[in-house]
There are 2 protein chains.
Amino acid sequence: MQNKQAITILAALAQESRLAVYRLLIEHAPEGLAASAIAEQLGLPNATLSFHLKELSHAGLVSSRQSGRFIYYAPVIEVMNDLIGYLTDHCCSQSGGSCAPATRKSAPAKGVAATGKRRSGSA
Amino acid sequence: MQNKQAITILAALAQESRLAVYRLLIEHAPEGLAASAIAEQLGLPNATLSFHLKELSHAGLVSSRQSGRFIYYAPVIEVMNDLIGYLTDHCCSQSGGSCAPATRKSAPAKGVAATGKRRSGSA
DNA sequence: TTGATGATTCTATAATCATGGAAATATGGA
DNA sequence: TCCATATTTCCATGATTATAGAATCATCAA
């Protein structure tokens, strides 16, 4: 992941309403939620929510799909995952791994180890 | 970690100069770097750097210690680690772990599984 | 087509943030 | 003490971001 992209994603999350939207969507993954449902649950005016959804979309954190009159928004887990990877790879580099205790949330037992490379070299 | 704190940290990182400062400090962890050295390496005016360092400090991402006329800044790894934990715990919740493939950066072989709890319940 | 509803865009306003020169505040050495 | 250096604070300026009402656009049902 590039610096610029990381900044865009971090900025998208660094806002109360947007973080709330994202977390709400996470609770409703993977189907997502219609904009109206989000607005209702969070008590946001339509225009304000739309503004924030655009920011989240622009950062790639959420995707949208239309279904009738509704537009469903859903989190894009990969992007969050890439962000976590970026932070992990830069929260301690040369020093030899004094951070990131690798205890994720659920047991890393199944097909865990073969997904990606992580640690892309210089940056 | 609280929502508010996460937002503060995310906002602190979501800025080009600050992210650069933080990453530079990571490269020089754990001793850190003097403000003047940071300013020189990144080509930032003193006042500007000071402003950003204050933001990073306020977010808890860096600590400072005085040594003679110099003030050394160093990254606080725990805070970054907590942030990663927060994101990990909220990038997929109910859904059953479709994210965070647990491939950190170096081989998770030693004391990996028993470190912490993570996943603090509701939030 | 008309009406109702969902969602976005337009627009103005207010608030926050970033920048950097200049002045002020440490600190250590002579 | 006086000077040089390191760093921060003060301040003004410009840029970006957040908010939300009103208007507009889109979709479906009748």
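Throughout, protein chains are lettered first and strands after them, A, B, ... in sequence-line order, and every chain is numbered starting at 1. Reckoned from all heavy atoms, side chains included, excluding hydrogens, waters and symmetry mates.
Atom-to-atom, CG of B:Leu13 to C1' of C:dC17 comes out at 16 Å; the value is rounded to the nearest Å. In this structure, A:Glu16 atom CD and C:dA15 atom P are separated by 17 Å, rounded to whole Å. Between A:Leu49 atom CG and C:dA7 atom P the separation is 9 Å, expressed in whole Å. Atom pair A:Arg18:CZ and D:dT19:C1' shows a separation of 12 Å (rounding to whole Å applied). Note: CG (B:Leu56) to C1' (D:dT8) measures 16 Å, nearest angstrom. The CD atom of A:Glu55 sits 6 Å away from the P atom of D:dA18 (whole-angstrom rounding). In this structure, CD1 of B:Ile38 is placed 14 Å from P of D:dA6, rounded to the nearest angstrom. Distance B:His58 NE2 to C:dT16 C1': 14 Å, rounded to the nearest Å.
Comparing C:dT8, D:dA18, D:dT27 by their nearest atom to the side chain of A:Ile71 picks out C:dT8. Distance from the side chain of A:Ser50 is smallest to C:dT8 among C:dA18, D:dT19, C:dT8. Here D:dT7 is the nucleotide among D:dT7, C:dT9, D:dT9 with the atom lying nearest to any side-chain atom of B:Asn46. Closest approach to the B:Ala47 side chain among D:dA18, D:dT8, C:dG20 is made by C:dG20 (side chain taken as heavy atoms from C-beta onward). Comparing C:dT27, D:dT7, D:dT19 by their closest approach to the side chain of B:Tyr73 singles out D:dT7. In the set C:dT9, D:dT9, C:dA18, the nucleotide with an atom closest to the side chain of B:Lys54 is D:dT9. When each of C:dA7, D:dA20, D:dT8 is scored by its nearest atom to the side-chain atoms of A:Thr48, the top-ranked nucleotide is D:dA20.
When heavy atoms are screened at a 4.0 angstrom cut-off, A:Ala39 is found touching no nucleic acid atom at all. Among the atoms of the strands shown, only primed sugar atoms or phosphate atoms (P, OP1, OP2) are found under 4.0 Å from some heavy atom of A:Ala35.
Between A:Gln15 and D:dT19 there is a side-chain polar atom (N or O) within less than 4.0 angstrom of OP1 or OP2. Proximity of A:Ser36 to the phosphate of C:dA7: a side-chain N or O atom is located under 4.0 Å from OP1 or OP2. The phosphate of C:dC17 (OP1 or OP2) has no side-chain N or O of B:His52 nearer than 4.0 angstrom. Of the side-chain N and O atoms in A:Arg69, none sit less than 4.0 angstrom from OP1 or OP2 of D:dC25.
Inter-residue side-chain proximity for B:Val76 and B:Leu61 is flagged as unmet; no heavy-atom pair is nearer than 4.5 Å. Side chains of B:Leu87 and A:Leu87 form a contact here, defined as non-hydrogen atoms less than 4.5 Å apart.
Atom CD of B:Gln66 has more than 12 heavy atoms from other residues, nucleotides or ligands within 6.0 Å.
Nearest-nucleotide mapping onto DNA chain D: of A:Ser67 and A:Phe51, the residue sitting toward the 5' end is A:Phe51.
A donor-acceptor pair under 3.5 Å is formed between the side chain of A:Gln15 and the backbone N or O of A:Ser17.
One finds the CE atom of A:Met1 at 9.5 Å from the CG atom of A:Asn81 (value rounded to the nearest 0.5 Å). Atom-to-atom distance recorded for B:Leu44:CG and B:His52:NE2 is 6.5 Å, nearest 0.5 angstrom.
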